[in-house]
Amino acid sequence: MLGYNWVLNIILGLVWLVVAANRRASRVQETMLKELEHFLLELAEQYARCADMREALEQSCHTCSGSLRRELLELTDALEHDRAEGQVYGSGKRKNAYVMLLFSLCHTIRTYGDLQVGGVSLFVYNIRYIKEEVRIELLRRQEGHYAFLGLTGLAFLPFFVCVPIQWWSHSVSASLDRFYVGSYGFVTLTVCFLLTVICVVTVQELQYPVMPDARRHTIEQRLLELPAVRIPVDRQIAAHYSRYLQKNEQLKVLQGYGNIREFLVKKVLRAWMCASAAGVLTIGSRLVRAHQRVGAGGSIPAALVLIAAAALIGYFLPDARVIILRARVEYQKMEETLRFETLVLIVIHYSQITVEELLRQMERFSVVFSRALQRAVDDFSYHRRESLERLGDDLGYEPAKKLADGLLACDDLPIAQVFHDVEDERAYNMESFKRKALDLQREKAAFARIIAFLPFVAVLVLRLVVPFVLEGLTQLNQY
């Protein structure tokens, strides 16, 4: 069983490499946000000095490096060749949202000219809004770094104590070996391993929140193109229509998580993946023990129970992720609505801007509202008013619905008149967003602390307390 334990340790080591890569990527993003904040400040100063947007961009780009510099150079090149936003960002690769905001601002100024608002350049005035959003995101990441500090390591480390515990137990009493080499040892070791992986993934999911991308063509969608998969799924939905209809409405709120058909395929797929992983671990354990000329690594019934338990966990993993995404989607809605309001503030002084153009820009920025906005953009040319009315219902978030109602009113009134109070609305939403983001960060960190302690409790109880208690009771019965 020691060989099996070392194999699991190696697998956890590989998982740690993935976690470390994820952490490095987060640090890179944080560094990029710092550079972007400094770049925006430098850009405003350069533009105020030379009043030439191209020269200001070129001079300010020297302060940046890496992927941010590449994106800014792409922005400058697109402006120089007068390419539209869709030609730059329509390839499917998701760009930095703040650079996209800056591109919208630069393209608007280049197309319609700069204006003065209260004696201040409109270009410089709107850069302030983008810088505010960058600062909020940077502070959120920094606070999250300290709130989750050490929790991933806390979830990892207990499992690596299993080998020392087994060595120490053998030195105390050789009769304790039966709890580490038999069926009990195999099942408890595998349970501790799976629990460690689940807890590590959960902590990472809470610390580095990522919303699913509705534009990505998932493996579930590809599988549903096969009649052998699509027909049984449709029959299952038809047999439990009312229950799945309610579930589909919940999934629609998440926007990027797919519909009920994709969700059912995802559940079966995750169950199969977890059962396969448990099966591989079981076979690996038996091969290791056979090579060591020891008895079979756990009985067949115990192995089957373990595989069934892993399949059950995998089947309900998508439901657990939906619960996490429900809390995350509220934050994402607030963030994207602020970005939409910034877009409106960028174009509000230009009567030449059309509703369709503004709607397309919103759709390119969005993740959580992407499907609703994509549907509105597709239908806009044929059913203008109907598409905007349906958009308000599909968004399902009051501040965003208010913007959709404003777009509908732009048919009869100038955009500046319709959105005359958008700056005050944005200021209020900004304060509300910062407060709710801080509260959500604290709740996630508190939940992550509980999750991070579960592997320690499992290893302590299953691999140390229970064997010693049972051995003690056995010794008492012999007297």
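Just so it is clear, the model here is predicted, and its values are computed rather than measured.
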Pairing of Glu37 and Arg135 as salt bridge, 4.0 angstrom limit: yes
Parallel, tilted or perpendicular: ring planes of Phe340 versus Phe369, cut at 30 and 60 degrees: tilted
Basic-acidic side-chain contact under 4.0 Å: Glu137, Lys434: no
Side-chain ion pair, Glu132 and Arg426, N-O less than 4.0 Å: yes
Residues, nucleotides or ligands: over 12 heavy atoms within 6.0 Å of Tyr315 OH: no
Ring-ring centroid check Trp168 Phe468, cutoff 6.0 Å: yes
Salt-bridge present (Glu425, Lys402; N to O < 4.0 Å): yes
Donor-acceptor contact present, side-chain Asn22 to main-chain Val18, <3.5 Å: no
Trp6 and Trp167 aromatic ring geometry - parallel, tilted or perpendicular at 30°/60° bounds: tilted
Note: Asp319-Lys247 ion pair, threshold 4.0 Å (strictly below): yes
Donor + acceptor pair across side chains of Gln236, Tyr244 (<3.5 Å): yes
Gln246 and Tyr241: side chain donor to acceptor below 3.5 Å: no
Side-chain ion pair, Glu220 and Arg261, N-O less than 4.0 Å: no
Carboxylate-amine/guanidinium proximity below 4.0 Å for Arg339 and Glu335: yes
